[in-house]
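Heads up: the structure comes next, in structure tokens.
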2 protein chains.
Amino acid sequence: MKPPEARRRLSPDLREQEIVREAVKFFAEFGFEGQTRELAKRLGITQPLLYRYFPTKDALVERVYQEVFLRRWNPFWEELLQDRSKPLGERLTAFYRDYSQVILTYEWVRLFMFSGLKGLDFNTRYLDLLRQRVFDLIINELRLAHSRKPPDEAPITTMEIEAVWGLHAAIFYLGVRKFIYNMPVENINSIVDLELRIFLDGVPGTLAGR
Amino acid sequence: MKPPEARRRLSPDLREQEIVREAVKFFAEFGFEGQTRELAKRLGITQPLLYRYFPTKDALVERVYQEVFLRRWNPFWEELLQDRSKPLGERLTAFYRDYSQVILTYEWVRLFMFSGLKGLDFNTRYLDLLRQRVFDLIINELRLAHSRKPPDEAPITTMEIEAVWGLHAAIFYLGVRKFIYNMPVENINSIVDLELRIFLDGVPGTLAGR
DNA sequence: CGATCAGTTTATCAATCGATAAATAGAGGA
DNA sequence: TCCTCTATTTATCGATTGATAAACTGATCG
């Protein structure tokens with residue numbers, strides 16, 4: 001029925017964009033063991049053509065990383081978290097609502113987990129970034145909001161970091177449930193709000209070192 | 001150097017045990033695409049011997065599931081959570097300390113994630129169990145501890161479930177960080193205690209429907 | 001309108017993987 | 001000690017997969 005898909009001749013730029021876009025979806029679905037022939041089929045091209053644009057499969061995978069993880073980081077988040085003209089609760093809500101909208105996607109969550117399971121160092125590098133650019137800021141602002149010594153006077157404790165990890169995990173795990181376990185997860189914004197209320201109500205005890 | 005590993009003739013029962021034990025570790029490391037030849041090499045046997053004990057690779061994978069997930073559930077947990085002779089905080093601490101010791105292992109966490117990413121229905125089934133045998137109990141006990149209507153008078157809300165999911169995620173994610181992202185995570189018991197303090201201090205607002 | 005360049009396909013290789021059949025060898029019993 | 005049973009290995013098949021080389025074809029320019 002379907003016509004045998006006439007040969008489409010595209011400019012290299014466009015073709016490369018199409019390949020990367022489809023590869024992101026494809027590897028997010030099947031993991032990095034997904035076969036190049038199947039990817040080519042989805043693109044409506046033949047498998048050897050992929051090798052005209054990427055020397056090896058690994059090079060294509062590498063490109064997918066960059067596309068999904070590096071290009072989606074928003075530097076504005078760091079400013080947002082430190083904008084003391086608003087109460088901290090409001091800032092955290094604004095940040096995690098936006099962050100979850102970017103991160104809690106099929107591609108991001110699954111590729112991140114696939115990458116971790118395969119032992120690539122990308123996760124570590126991303127999480128180091130997260131720690132420095134987000135966790136440390138949050139802890140700093142929390143101390144300020146509760147009139148405690150800033151980190152340069154009293155070093156950040158393991159338990160403070162773990163407290164923030166708990167909040168972060170509760171939110172990120174929504175994506176794991178939705179996109180990896182295939183569970184229905186709706187109204188993410190209101191769940192984010194819930195987790196933030198629990199965190200902000202519960203965390204003073206930790207800051208007090210109780 | 002190493003002698004070519006003399007042929008060891010084992011009873012079928014013992015050999016099967018060895019295969020299953022090693023397969024658990026092996027698939028947890030490489031996922032279900034791990035190759036039967038490599039698994040056989042680790043066992044010090046040849047690859048066709050695997051097929052004397054399991055008709056297909058899938059059958060072996062299925063067996064691994066049962067071994068790791070089904071056989072590690074402890075029915076005592078359900079009693080523990082409902083033992084009203086102790087305060088709820090104590091019960092939750094005892095439960096999550098024990099649960100995390102069973103679940104937060106290299107094999108459990110990784111196999112669960114591999115299984116989810118591959119789209120097997122096992123995760124859904126396990127999580128249904130968890131919801132019924134743990135989450136509902138916790139919510140019931142929380143309401144009791146805060147003098148609220150029991151679930152058979154006022155149905156469990158989405159947000160109550162999500163609150164418990166948040167706690168659970170914070171704890172399970174310790175395993176994800178340790179065994180999937182390969183991060184150092186130490187003193188799990190004290191982190192569990194921390195998450196429970198935050199949860200218990202923070203959750204009354206949610207119960208009040210605030 | 002024909003030549004040329006490059007985007008795309010066809011054909012195919014070499015390695016890998018799950019699986020099967022036949023040959024081998026270790027252990028217990030008569 | 002030898003025989004028999006079966007646990008284990010050797011040899012190999014067929015399908016799959018990443019990758020390469022050569023042939024094909026569509027678009028642009030003179």
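Chain letters run A, B, ... following the sequence lines, proteins first, then strands; residues in each count from 1.
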Of all of residues 18-26 of chain A, which get a heavy atom below 4.0 angstrom from DNA chain C, listed by number? none

Write down the distance between NZ (K41(B)) and P (dT8(D)), rounded to a whole number of angstrom. 20 Å

Spacing of Y51(A) atom OH relative to dT8(C) atom C1', expressed in whole Å: 16 Å

In short, L111(B) meets V68(B) closest at the heavy-atom pair CD1-CG2, 3.7 Å

Is the ring pair F69(A)/W108(A) parallel, tilted or perpendicular, if the boundaries are 30 and 60 degrees? perpendicular

Rounded off to whole Å, could you give me the CD1-to-P distance for the I45(A) and dC24(D) pair? 21 Å

Could you tell me whether E162(B) and R177(A) have a side-chain N and a carboxylate O separated by less than 4.0 Å? yes

Measuring from atom OG1 of T46(B) to atom CZ of R52(B), what distance do you get when rounded to the nearest 0.5 angstrom? 11.5 Å

Taking CZ from R52(B) and C1' from dT10(D), how many angstroms apart are they, rounded to a whole number? 15 Å

Which nucleotide in the set dT9(C), dA19(C), dG18(D) lies at the smallest distance from any side-chain heavy atom of K57(B)? dA19(C)

Could you give the distance from NZ (K57(B)) to CD (E62(B)), rounded to the nearest 0.5 Å? 14.0 Å

Salt bridge flag under 4.0 Å for residues R84(B) and E141(B): yes

Please check the phosphate of dT8(D) (OP1 and OP2 only) for any side-chain N or O of R15(B) closer than 4.0 Å. yes

Any Y53(A) side-chain nitrogen or oxygen under 4.0 Å from OP1 or OP2 of dT8(C): yes

Rounded to whole Å, please give me the gap between CG in L49(B) and C1' in dA11(D). 16 Å

Taking only N and O in the side chain of T46(A), is any of them less than 4.0 Å away from OP1 or OP2 of dT8(C)? no

Indicate, yes or no, whether a donor-acceptor pair under 3.5 Å links the base of dT6(D) to the side chain of R9(B). yes

